[in-house]
Amino acid sequence: MQPPKDVKVLADRFGIGLNEFNFCGTSAFQPAESSRQGIYVAGPFAEPKDIPETVMQASAAAAQVLSLLKDARGTLITPKLYPPERDVKGEEPRIGIFVCHCGTNIAGVVDVSNVVEYAKTLPNVVYAENNLYTYSNNAQDRIKEKIAEHGLNRVVVASCTPRTPEPLFRNTVAEAGLNPYLFEMANIRDQCSWVHMHEPERATQKSKDLVRMAVAKSRLLQPLQRQRIRIQKSALVIGGGLSGMTAALTLARQGSDVYLVEKEDELGGNLRHIHYLLNGERPQEELARLRDEIQQNSRIHLFAGAVIENIEGSIGNFKTRISARGGTTEVEHGVVIVATGAKQYQPKEYLYGQDDDVITQRDLEGRLACGDGFLAGEGNRPAKTIVMIRCVGSRDADHPYCSRVCCADAIKNALRIKTLSPETNVLYVLYRDIRTYGFKESYYTKARQQGVVFVRYDEDRKPEVSRNSHALKVTVLDQTLGMPMLIPADLVVLSAGIHPHEENRTLAQFLKVPLNSEGFFLEAHMKLRPVDFMTDGVFLCGLAHSPKSIEESILQAQAASARAAAVLVQDSLELEANISHVVDESCDGCAYCVDTCPFKSIALVEYMYLGSIKKVVETNESTCKGCGCCQATCPKNGILVRGFTLDQSRAQIEAALEVA
Amino acid sequence: MEDSFQPLIIAFCCNWCSYAGADLAGVSRIQYPPSIRMIRVMCSGMVHPNLVIEALTKGADGVLMCGCHPGDCHYQDGNRKAEKRADALRLMLADFGLEEERFHREWVSAAEGPRFAQVVGSFTEQVQKLGPSPYKT
């Protein structure tokens, strides 16, 4: 991946700096900001990156801009007004059909006027015409005219796929005073003219069939209303590490109230153990700054040493019980950001925990940070030979994933040793693969140039660490020589992997969100929705999602806040209309649908009816997404998805088979 | 082949993957036989098994049910539920005097336009070999 050719011109014009590789680059703690205040960056312009990181950085940049614009937000919106909706209850269907030529796209293959003439013969069809382009402004106006002229109460458009223009047509129908759900489409372009180009007669016949099916369904369409729910304009951020603190501050700066819950007594999480970065930035100073800002921000309500007892509700209206030393508090909020972090693996291998001279990279960093450092063994002799072992508790059978940050961490500490300890003459890094992705690759080169010895090992031939009376001994197979190499070591340093918290399971149950097979939280879409959950109103950032670096955690936290703020700036929320609906008289409370619902939106309820207990299920309209797993599971037609009911599908089938 | 049997197949396609895959076949002008009549559903997990049986017993020569690939479902795992129902359905078809091959479940993603066309093509051939539905009047 290379920067575009004219990148320098662009950078000069905006007055922003580029790094030695002609990418914009950013600092670790301001990862969406260019070198110039007020100019933000996203995507590979900053550094080579994949889709999810690009999406996160773009959302993070948006979050920064939104905090600058918080007072202006929403001030230029003019609400659109529609005429009052005509009540069509009790009316016979009066269907109007508009068949699109789509230029020659349809009419070049399908005999459109033949389809129109045929449509006129179908039951309940009172009007049919053809248009050159049905989605054009002219044709939209004609649809409105014809609705009024012929008293249409159903509109069918035979043109292309509904996946793009359906909202446009629904809007047109609503502008004519009809309920927007009294609209149906027949896809005679993507499913006919484009795929049967050499069979015009059969394509025309199929178009007629598709129109007949759409008309059959349209007869059974009912007006639908989208419910609105009020939104609690505050957020719950779970976890007070770097990601949680960043998310809370970003939201507060955008003007939202935040309940920040941290299980430990102090804020900081894993960041408390990071003392320096490869590029020289100082994490502890940043941590102190974040803590101060959180303490001083009146919008952030901090619960430290706190546990979440329960979360209920859904987007717009969550209720959470938090217990802390002061007792139990219940808070109401509209969104949730999960930032619970992850933990360092406690190694069981390589004599860790049995030998004081076997430590983790985190221990080493702590020692290097306090200056007197990397001493080891009895009498605090300087460590002359240090062996680092990589991939401990990562990329193995139990934890098949890569912990992502340990390669750069090991190189960071190796370079630090080279600077601070002239007594250390040999420094080995035993590795399986090295991935110092992005600009960090140059530090890997630097470490090699400074004489750090990298020795590769395979997963099935792991190094061995033993202790004879005085010294540690590390044995590893040298792959070049094909011979075992024996290294007497003063200090062995393990790159312990990043493991998920066990508590994730409880939280995942409270929030009805999934974990992946390793126990990390699973986002809605790996590439395109990296901070959302499938459950609306719940967002994700930091190590709770997967191992990642400081800048990646900050980006994801800022991105999660931008997504959460998009909910919180609204006063109310429009729910889906095509959602499930219980037919009380058909439902006998067998509850088969309760377990099959992926969103846990269905509950079994009991009430007194004519002197006896009646059991039925109930749908939560604010969490139902209309997938219809309930509908397909129900043996009694007791629960249906509006707009996709069994009767409607059956009408389509029968029309297709011409048995109706 | 002009006089050969032209089957009529009901295809349930989920909005997010397979219907979009069919759209892509269209946009890419990939030709396939005009045998299917598509019913758009939001998720393959929404297709009631009764509808499949009804379609077949009312004269459809075949039924195709398409959903997102496992792991890609817009509703987490509706396609898995569809798969289980499809497995159960296949066992029932003989009771209705129908060949198992008249029903087919397939995963087609929004990016698989060519594959959608190929799925329709091969299922159409499969149904052609079986001949018209025994329920056809």
Side-chain angles (χ1 to χ4, degrees), chain A residues 105 160-164 185 187 189-199 201-203 205-207 209-210 212-213 217 514 522 524-526 534 578 580 596-599 625-635 637 641 643-644 646 648-650 652-660, chain B residues 6 8-12 14-16 19-20 22-52 54-55 58-61 63 71-78 80-82 85 110 113 116-117 120 133 135-137:
Chain A
N105 279 304
C160 51
T161 173
R163 297 180 73 256
T164 3
M185 286 184 85
N187 186 351
R189 188 189 69 182
D190 308 58
Q191 288 176 23
C192 261
S193 62
W194 277 352
V195 292
H196 312 310
M197 295 173 88
H198 313 301
E199 298 167 281
E201 273 171 36
R202 295 180 70 194
Q205 184 52 52
K206 183 174 169 185
S207 296
D209 292 354
L210 294 181
R212 190 171 65 244
M213 290 165 71
K217 180 174 178 182
L522 182 65
H525 190 286
M526 203 176 284
M534 283 302 296
N578 299 109
S580 78
T596 195
C597 175
F599 305 100
K625 293 192 189 290
C627 68
C629 285
C630 51
Q631 165 170 300
T633 303
C634 180
N637 298 344
V641 175
F644 294 90
L646 295 185
Q648 289 166 348
S649 297
R650 189 175 294 118
Q652 286 172 285
I653 293 170
E654 290 178 348
L657 302 173
E658 288 194 275
V659 293
Chain B
Q6 304 293 345
L8 188 62
I9 292 165
I10 300 288
F12 294 99
C14 81
N15 180 65
W16 306 99
Y19 193 95
D23 283 348
L24 183 61
V27 173
S28 325
R29 312 292 199 278
I30 300 166
Q31 306 297 298
Y32 57 81
S35 51
I36 58 162
R37 300 293 176 268
M38 201 183 294
I39 295 179
R40 181 171 70 108
V41 290
M42 294 312 286
C43 179
S44 54
M46 152 187 280
V47 179
H48 201 293
N50 287 1
L51 288 178
V52 176
E54 281 177 37
K58 284 174 179 169
D61 299 306
V63 171
D72 286 353
C73 177
H74 188 76
Y75 307 100
Q76 293 180 18
D77 58 354
R80 291 291 194 192
K81 288 157 193 162
R85 291 193 195 105
F116 180 82
V120 173
S133 158
Y135 286 87
K136 216 162 210 168
T137 45

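In what follows, chains carry the letters A, B, and so on, assigned in the order in which the sequence lines appear, proteins first and then strands, with residues in each chain numbered from 1. Since we're looking at a predicted model, the values are computed, not measured. The figures here come from the full heavy-atom set of this structure, side chains too, leaving out hydrogens, waters and symmetry mates.
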So how far is it from Ile10(B) CD1 to Ser649(A) OG, rounded to the nearest 0.5 Å? 10.5 Å
Please walk me through it: do Arg37(B) and Lys206(A) pass side chain to side chain contact (heavy atoms under 4.5 Å, CB included)? CA-CA 8 Å; Arg37(B) 300 293 176 268; Lys206(A) 183 174 169 185; 3.3 Å; yes
So what's closer than 4.5 Å to chain A heavy atoms on Ala117(B): side chain, backbone, both or neither? neither
Which atoms of His198(A) approach chain B - backbone, side chain, both or neither, heavy atom under 4.5 Å: both
Taking side chain as everything from C-beta outward and backbone as N, CA, C, O, which of these in Ala22(B) sits under 4.5 Å from a heavy atom of chain A? Side chain, backbone, both or neither. backbone
Looking at Ala20(B), Cys14(B), Ala55(B), Pro34(B), which one has more heavy-atom pairs under 4.5 Å with chain A than the rest? Pro34(B)
For Ile36(B), is it the side chain, the backbone, both, or neither that has a heavy atom closer than 4.5 Å to a heavy atom of chain A? both
As an exercise, state the distance from CD of Glu199(A) to CD of Gln31(B), rounded to the nearest 0.5 Å. 8.0 Å
Taking all non-hydrogen atoms of both residues, which atom of Tyr19(B) and which atom of Asn187(A) are closest, and how far apart? OH-ND2, 3.2 Å
Please classify the contact between Arg29(B) and chain A as side chain, backbone, both or neither, with a heavy-atom cut-off of under 4.5 Å. both
Which bit of Thr633(A) is near chain B, if near means a heavy-atom gap under 4.5 Å: side chain, backbone, both or neither? both
How close do Ile653(A) and Leu51(B) get, heavy atom to heavy atom, and via which atoms? CD1-O, 3.8 Å
Most chain B-contacting option - heavy-atom pairs closer than 4.5 Å, from Arg189(A), Lys625(A), His525(A), Arg163(A): Arg163(A)
The ring-ring contact (aromatic ring centres under 6.0 Å, His included) partners of His48(B) (sequence neighbours excluded) come to none
Please examine the side chains of Ile30(B) and Val195(A), heavy atoms only from C-beta on, and report whether any two atoms are closer than 4.5 Å. no
Please identify each residue that fulfils side chain to side chain donor-acceptor pair (under 3.5 Å) with Ser580(A), with sequence neighbours left out. Thr619(A)
Contacting region of Leu8(B) [heavy-atom separation from chain A under 4.5 Å]: side chain
Quick one, Met185(A) and Arg40(B) - any side-chain contact, counting heavy atoms below 4.5 Å? no
Taking every heavy-atom pair that is under 4.5 Å apart, which of Ala25(B), Pro33(B), Gly78(B) has the most such pairs with chain A? Pro33(B)
Quick one: do Met46(B) and Val641(A) satisfy side chain to side chain contact (heavy atoms under 4.5 Å, CB included)? Show the steps, please. CA-CA 9 Å; Met46(B) 152 187 280; Val641(A) 175; 3.8 Å; yes
Most heavy-atom pairs under 4.5 angstrom with chain B, which of Pro162(A), Ala203(A), Ala656(A)? Pro162(A)
Got a second to check how far Phe644(A)'s CZ is from Ile39(B)'s CD1, nearest 0.5 Å? 11.5 Å
Which of the residues Gly45(B), Ala82(B), Pro49(B), Gly71(B) is involved in the greatest number of heavy-atom pairs with chain A at under 4.5 angstrom? Gly45(B)
Closest-packed option against chain A by number of heavy-atom pairs under 4.5 Å, given Val41(B), Asn15(B), Val47(B): Asn15(B)
Tell me, side chain or backbone of Met213(A) under 4.5 Å from chain B's heavy atoms, or both, or neither? side chain
For chain B, which candidate among Cys634(A), Gly643(A), Pro598(A) shows the most heavy-atom pairs at distances under 4.5 Å? Pro598(A)
What part of Lys81(B) gets within 4.5 angstrom of chain A, counting heavy atoms only: side chain, backbone, both, or neither? side chain
Region of Asn578(A) that comes under 4.5 Å of a non-hydrogen atom in chain B: neither
Nearest 0.5 Å, what's the CZ-SG distance between Arg85(B) and Cys629(A)? 6.0 Å
Please flag which part of Cys160(A) lies under 4.5 Å from any non-hydrogen atom of chain B: side chain, backbone, both or neither. neither
Count the heavy-atom pairs under 4.5 Å between each of Arg650(A), Met534(A), Gln205(A) and chain B, then report the option with the highest count. Arg650(A)
